[in-house]
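These notes concern the structure reproduced below.
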Amino acid sequence: MAEIIVVTSGKGGVGKTTTSASIACGLARRGKRVAVVDFDIGLRNLDLIMGCERRVVYDFVNVIQGDCALKQALIKDRRLDTLYVLAASQTRDKEALTDEGVRRVLEELAAEGFEYIICDSPAGIERGAHLAMYFADRAVVVVNPEVSSVRDSDRILGLLSSKTLRAEQGNGGVKEHLLLTRYSPRRVANGEMMSVADVKEILGLDVVGVVPESPDVLSASNAGVPVILNGESDVSAAYEDAVARLLGETLPMRFIEEPKRGFFARMFGG
Amino acid sequence: MGLLDFFRKTPSSANVAKERLRIIVAQERSTRGAPDYLPTLRRELLEVIRRYVNVDPSAVQINLGRDDGHEVLELSVALPEDARSGSSG
């Protein structure tokens with residue numbers, strides 16, 4: 001039985017694809033069979049973040065339209081044996097993504113024995129975003145501690161609780177989690193950024209992870225290596241914790257406190 | 001927090017953000033899940049009412065609530081002070 005997890009946010013640029021890639025890698029590193037699917041038709045990017053952009057032959061829409069078999073479109077990750085990528089179509093129109101087509105592909109992935117299917121949602125609330133969440137069992141809502149991102153996340157939470165298969169069936173709905181990215185403990189301490197507790201209180205949801213703002217995210221995407229695989233960085237550890245929590249482990253939240261500063265730095269706000 | 005910040009009394013920008021979000025999120029949640037026809041219904045009702053009474057557009061409130069498993073459509077019209085004299089002609 002495959003579990004379908006949508007990574008969504010409403011607002012663009014908050015770290016959905018980075019998060020999808022890292023969660024997929026984190027699960028695969030624990031031996032889970034994982035497929036990560038790019039729903040951003042026309043703006044394919046997951047392949048770049050995963051570092052497999054030159055191996056895309058067939059894509060999601062090709063599979064839906066029967067141009068190829070699912071197996072031909074799945075790209076096997078070179079680092080992790082149990083991880084596969086399904087790229088978004090780059091050229092065709094967005095109408096190509098159909099309800100029935102998406103359902104069929106997800107069912108086929110489950111039949112292939114994938115335990116987790118990670119759906120990387122496009123920004124916005126249009127068809128791609130709708131279909132990315134429609135069949136989900138769980139949702140990871142990626143949010144920056146910033147007003148427009150928090151408001152858009154709330155809008156997405158409203159859609160998750162009404163416009164999804166689970167909501168329509170009335171069997172408990174989609175299980176929702178918050179994941180904060182670009183978090184800066186220093187700015188929170190200075191009162192310039194909302195805290196984890198603030199965002200949690202406004203949206204009324206549990207937080208599955210807090211990823212600190214870090215230059216490592218850009219260097220990882222430059223290299224095509226999902227940031228969770230990036231050695232000893234805080235970001236990597238934060239995503240690793242988030243994956244553990246998704247799997248039901250209870251861990252204390254790290255990287256949300258500012259490192260202690262010296263007397264002079266505190267006196268003069270350095 | 002530096003020495004100068006100690007004398008600053010204005011609320012932090014993070015607190016301002018939080019308060020603004022608290023209000024707008026509560027407001028948007030209250031209209032969430034309401035049927036799409038509500039705004040049209042409200043406008044058309046307003047047109048009919050205004051044939052008889054000259055009410056302000058904001059005087060018509062429509063709410064959809066739940067009560068014991070029933071959906072309740074609540075309509076409230078605040079009539080102006082001089083409504084009676086206005087409707088006789």
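Note on naming: letters A, B, ... go to the chains in the order of the sequence lines (proteins, then strands), and numbering restarts at 1 for each one.
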Is [X] atom [atom1] crowded by more than 12 heavy atoms from other residues, nucleotides or ligands, each under 6.0 Å away?
X: A:Glu257; atom1: CD; answer: no
X: B:Glu19; atom1: CD; answer: yes
X: A:Arg127; atom1: CZ; answer: yes
X: A:Arg182; atom1: CZ; answer: no
X: B:Arg42; atom1: CZ; answer: yes

| query | A:Ile202, A:Val147, A:Asp154, A:Asp198: which one forms the most heavy-atom pairs within less than 4.5 Å of chain B? | reply |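 When all of A:Ile202, A:Val147, A:Asp154, A:Asp198 are compared, A:Asp154 has the most.
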
| Distance from B:Leu21 atom CG to A:Arg151 atom CZ, nearest 0.5 Å? |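 If I round to the nearest 0.5 Å, the distance is 8.5 Å.
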
| task | Taking the side chain as every heavy atom from C-beta outward, state whether B:Asn15 and A:Met194 have any atom pair closer than 4.5 Å. | result |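 Of all side-chain heavy-atom pairs linking A:Met194 with B:Asn15, none is under 4.5 Å.
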
| message | Could you report the tightest heavy-atom contact between B:Ser12 and A:Gly191, atom names first, then the distance? | response |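 Looking at all heavy atoms of both residues, the closest pair is CB-O, 3.2 Å.
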
| What are the two closest heavy atoms between B:Lys18 and A:Glu201, and how far apart are they? |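 Scanning both residues, the minimum pair turns out to be NZ-OE1, 3.1 Å.
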
| Quick one: what part of A:Met193 sits under 4.5 Å from any heavy atom of chain B, side chain, backbone, both or neither? |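 Backbone only.
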
